[in-house]
Amino acid sequence: MKKKTATGRAAGKTWHLHCENSKKLGEVFAITGERVRDALKRHPKLKGKLKVTLGQDNDIYDKAIRTADFMFGWHFDRKDLKRRAPNLKMIHVHGAGVNHVMPLDWMPKGCTLTNSRGVHGPRAAEYLIMALLMLNNRLPEMVTHQRASRWKQCYASVITGKTLLVIGVGQIGGSAADWAKKFGLTVLGTRRTGEPHPSVDKMYKPKDLPKLLPKADFVMMCVPATDHTKHLLGKKEIGLMRPGTGFINYSRADLVDYEALRKRLVKGELTAVLDVFNPEPLPPSSPLWKTPNLIMTPHCSSDDSIHYTPRTLDVVLSNIERILAGKKPTNAVDPNWQY
Ligand code: OXD
């Protein structure tokens, strides 16, 4: 009799990973043959054990998922997956935010959903620090004056000693906090558990936001979008930021009441750097395009153009190795907290 593996299949069997690409996501997220081959070289334990199929926009999806043990993608057809993909043990979502696949009622039994948290860290922190320095140097105001051909000097003072509030100190918020400490900022943070972080001077829980918002010179949104966090910064909370506060939203637009924010930007009370919008792409009719004191980047803050997909492939392949060794995968999404 053939020896069985931890997952109950015969040893020597070839496992199947299906990677589903979406053309509209572009190069950065492309799971190409070359990227897969390079990643497999970094995971020699899988040599000869893994068959990898590459699909795009459903071209081979139906057939591939019939035998797939693992799947990796961002947009994929979730209809009737329990029946269509009976072997799936892990689906890896090519991003940190998984709000677009919630609720998880479509997940086949025994299958774990994993995400790319931790992959963005270094690039995300660079962007966030750039945004902080832009806000401190009053770039949003200067760009507003530039658009109006107006010579107006906006003097700024050093950032050292100012206060940053990081809402959602996870991997990304934590990396930004590490940098902020290097610049001599006081860092306040919130996280669901209230658990301390070495670069956060004082950690709070989300319920403490009303008392924290008026204390900050800069507010940085790093929270995942879930049913629990929609409009975490609503009109009331936006109103609590004191005049002169610089605001960054790096996570998802649904976390913030953008209309309330826009009104304060128009009045010149706040400045902001926003990377996320609803919908995306943001239509030309959105008033945000012409809002003063605002710098917008089109959701490209964190996905490293060279390293993002290779690093994510490393997470996927390491998790396949773990599952084959009878261990739980890392980066599992908690269905209750939705991240
Ligand atoms: C993500 C993102 O979810 O880049 O990873 O928005």
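Whatever order the structure lists ligands and atoms in, that order sets their numbers, starting from 1. Reckoned from all heavy atoms, side chains included, excluding hydrogens, waters and symmetry mates.
Ring-plane geometry between Y308 and H120 is classed as tilted, the angle between the planes lying from 30 to 60 degrees on a 0 to 90 degree scale.
Near G97, the atoms of ligand 1 lying under 4.0 angstrom from a non-hydrogen atom of the residue are 1 (C), 3 (O).
Taking a 6.0 Å sphere around NZ of K182, one finds it holds more than 12 heavy atoms contributed by other residues, nucleotides or ligands.
Within the structure, ligand 1 has R252 among the residues with a heavy atom less than 4.0 angstrom away.
Residue contacts with ligand 1 for D303 involve side-chain atoms from C-beta outward but no N, CA, C or O (heavy atoms, distance under 4.0 Å).
Here the side chain of N21 pairs no donor or acceptor atom with the backbone of L54 at under 3.5 angstrom. Between the side chain of R242 and the backbone N or O of P214, at least one donor-acceptor pair lies under 3.5 Å.
Residue H299 holds the heavy atom nearest to atom 6 (O) of ligand 1 of all those in H100, H299, H120.
Between A96 and ligand 1, at least one N/O pair is under 3.5 Å apart.
Taking the side chain as every heavy atom from C-beta outward, N293 and L270 never approach each other to under 4.5 Å.
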